[in-house]
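First up is the structure itself, then whatever we jot down about it.
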Protein chains: 2
Amino acid sequence: MSAEHRSGCPINLSLEVFGDRWSLIILRDMIFGGRRHFRELLNGSLEGIASNILADRLKRLMELGLLTKADDPSHKQKAIYSLTEMAITLVPIMAQLGAWGRVWLPVTEELSIRAELLEKGGPPLWDQFMDELRHEHLGAPPKTPPGTPTVRQQLRAAYEEVVARKAEATVD
Amino acid sequence: MSAEHRSGCPINLSLEVFGDRWSLIILRDMIFGGRRHFRELLNGSLEGIASNILADRLKRLMELGLLTKADDPSHKQKAIYSLTEMAITLVPIMAQLGAWGRVWLPVTEELSIRAELLEKGGPPLWDQFMDELRHEHLGAPPKTPPGTPTVRQQLRAAYEEVVARKAEATVD
DNA sequence: CATTCCGCTTGCATTTTGCAATTGGTTGCA
DNA sequence: TGCAACCAATTGCAAAATGCAAGCGGAATG
């Protein structure tokens, strides 16, 4: 192991990658929120990340091999960030983290419905989602027949259903 | 959500608990290494945690409900730390983190054999391990018949086998 | 041609971390 | 009884990370 690493333990090395308050938040927004641009990540983040921290983490995630950056052909100033295979395979970790948080922490209903769906879908749903991300970010051929609702669409629909139901309940 | 939380998203809330470089390391050493005392955690940690950080994190993990502390009846100065159910259900997250790290990060063979075994065993092995931890830390009745090798023993045996094989290879 | 938007960068205050030494007390052994 | 070793921390201090607000040059938009 290199001198930069505290130990060769896989859990420790994973923590050296994610052991901060922002890296996984950024990846979550890219994976589940479909965000690809700096501004989307900056303004869309529920948690309010600062621009200097976002810039630093994007750079770090690129150096670590979790993200790549490319010019947006439609806009010379825009950069498009893409997930690598390394980042896409974080889906099971995200699912487990969400499932655990849903049980033990004070989550809100509308923000945890996605975690619930992902938990119920289990590994088959995670695999489908990862295939969709490979199509979206790596240009891999889609594996699901066209017309099938994507996992992200399903998660989004469930989220909006909860929001609508809660809004209705408020009116009553 | 309370004002202390950045958002009610389960992944974010989980990160607020584990989004640092030490909390999961401590829990890893308790779960997989069977460590229960301050000194064991301090000296046994491969990564070399400082005593002030360890003290701070143990306190924090207790406040969060992941650990409890009790007097050691055999030694007035010793404290015994125990995992709560909340901490025991981290086993699947640990397993996924280990599995991911094993694939993508520069792990050493002897330190990743446990992650490999845990991955291959899948949820049934995780469940058995969690039952053993409930027995050890919460006093729950054991579910496996007496005489069955524990998961921790299996993991330890596999680790030592790799170490022995590598030592032999060095001699040749 | 002014405004907005683009991905950052800068300066600066606050918080967290890491290291080494030390604390007050307990235990085990001679 | 005396004393070294051990116990779970705590203290002081330097260094690093974080967070906030403002600003940058350039490009797109109206």
Side-chain angles (χ1 to χ4, degrees), chain A residues 3-7 12 15-27 29-30 33-64 66-83, chain B residues 3-7 12 15-27 29-30 33 35-64 66-82:
Chain A
E4 299 147 32
H5 296 300
R6 302 188 297 188
S7 84
N12 170 61
L15 274 182
E16 289 187 19
V17 173
F18 305 119
D20 76 275
R21 295 177 112 58
W22 290 112
S23 297
L24 269 186
I25 292 286
I26 294 168
L27 290 165
D29 285 349
M30 291 188 67
R35 307 195 211 285
R36 309 289 296 265
H37 302 293
F38 190 94
R39 285 284 153 170
E40 287 178 321
L41 289 163
L42 186 66
N43 300 329
S45 154
L46 280 173
E47 291 84 13
I49 191 170
S51 62
N52 54 344
I53 310 262
L54 177 58
D56 178 79
R57 290 304 185 285
L58 287 172
K59 187 175 149 225
R60 205 178 95 91
L61 290 171
M62 284 192 287
E63 286 165 359
L64 288 167
L66 287 147
L67 297 180
T68 58
K69 182 178 165 181
D71 292 339
D72 185 333
S74 76
H75 190 302
K76 279 184 186 168
Q77 265 183 320
K78 277 187 181 174
I80 298 186
Y81 289 95
S82 298
L83 301 168
Chain B
E4 299 148 30
H5 296 300
R6 303 188 297 189
S7 83
N12 170 61
L15 274 182
E16 289 187 18
V17 173
F18 304 119
D20 76 275
R21 298 176 109 59
W22 292 111
S23 297
L24 269 186
I25 293 286
I26 294 168
L27 290 165
D29 285 348
M30 292 188 67
R35 307 196 212 285
R36 308 289 296 264
H37 302 294
F38 190 94
R39 281 288 148 170
E40 287 178 322
L41 289 162
L42 186 65
N43 301 330
S45 154
L46 280 173
E47 291 83 13
I49 191 170
S51 62
N52 55 345
I53 311 261
L54 177 58
D56 177 79
R57 289 305 186 282
L58 287 172
K59 187 176 150 223
R60 204 177 95 90
L61 290 171
M62 283 191 288
E63 287 165 358
L64 288 167
L66 287 146
L67 297 180
T68 58
K69 182 178 167 181
D71 291 339
D72 185 332
S74 77
H75 190 300
K76 280 184 186 166
Q77 264 183 321
K78 276 188 182 172
I80 299 186
Y81 291 93
S82 298

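To find a chain, count down the sequence lines: A is the first, B the second, and so on, and within it residues start at 1.
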Taking the side chain from A:Glu16 and the backbone from A:His5, do they hold a donor-acceptor pair closer than 3.5 Å? no

How close do A:Arg36 and A:Ser82 get, heavy atom to heavy atom, and via which atoms? NH2-OG, 2.8 Å

pair A:Leu46-B:Asn12: side-chain heavy atoms closer than 4.5 Å: no

Could you check if a side-chain atom of B:Tyr81 sits within less than 4.5 angstrom of a side-chain atom of B:Lys69, using non-hydrogen atoms only? yes

May I ask you to test the A:Ile26-A:Leu58 pair for a side-chain heavy-atom distance under 4.5 Å? yes

Atom CD of A:Glu40 and atom C1' of C:dC5 are separated, to the nearest Å, by 13 Å

B:Ile49 CD1 to C:dC19 P, in whole Å, measures 11 Å

After noting the C-alpha distance and the side-chain angles of B:Ile53 and B:Arg57, does the key distance pass the side chain to side chain contact (heavy atoms under 4.5 Å, CB included) rule? CA-CA 6 Å; B:Ile53 311 261; B:Arg57 289 305 186 282; 3.9 Å; yes

Give every pair of a protein N or O atom and an N or O atom of nucleotides 9-13 of chain D that lie under 3.5 Å apart, one pair per line with the distance.
| residue | atom | partner | partner atom | Å |
| --- | --- | --- | --- | --- |
| D:dA9 | OP1 | B:Lys69 | NZ | 3.0 |
| D:dA9 | OP2 | B:Lys69 | NZ | 3.4 |
| D:dA9 | OP2 | B:Tyr81 | OH | 2.1 |
| D:dT10 | O4 | B:Ser51 | OG | 2.7 |

Give a yes/no answer on whether the side chain of B:Arg57 brings an N or O atom under 4.0 Å of OP1 or OP2 in C:dT17. yes

Please give, in whole Å, the distance from C:dG7 C1' to A:Leu61 CG? 16 Å

How long is the line joining CD of B:Gln77 and P of D:dC7, in whole Å? 9 Å

If I take atom NZ in residue A:Lys78 and atom C1' in nucleotide D:dG26, what distance separates them, rounded to the nearest angstrom? 15 Å

Would you mind reading off the distance between B:Leu41 atom CG and D:dC7 atom P, rounded to a whole angstrom? 13 Å

To the nearest angstrom, how far is A:Leu54 atom CG from D:dC20 atom P? 14 Å

What is the distance, rounded to the nearest whole Å, between atom NZ of B:Lys76 and atom P of C:dG25? 14 Å

Which of D:dC7, D:dG19, C:dC6 is nearest the side chain of A:Trp22? It is D:dG19

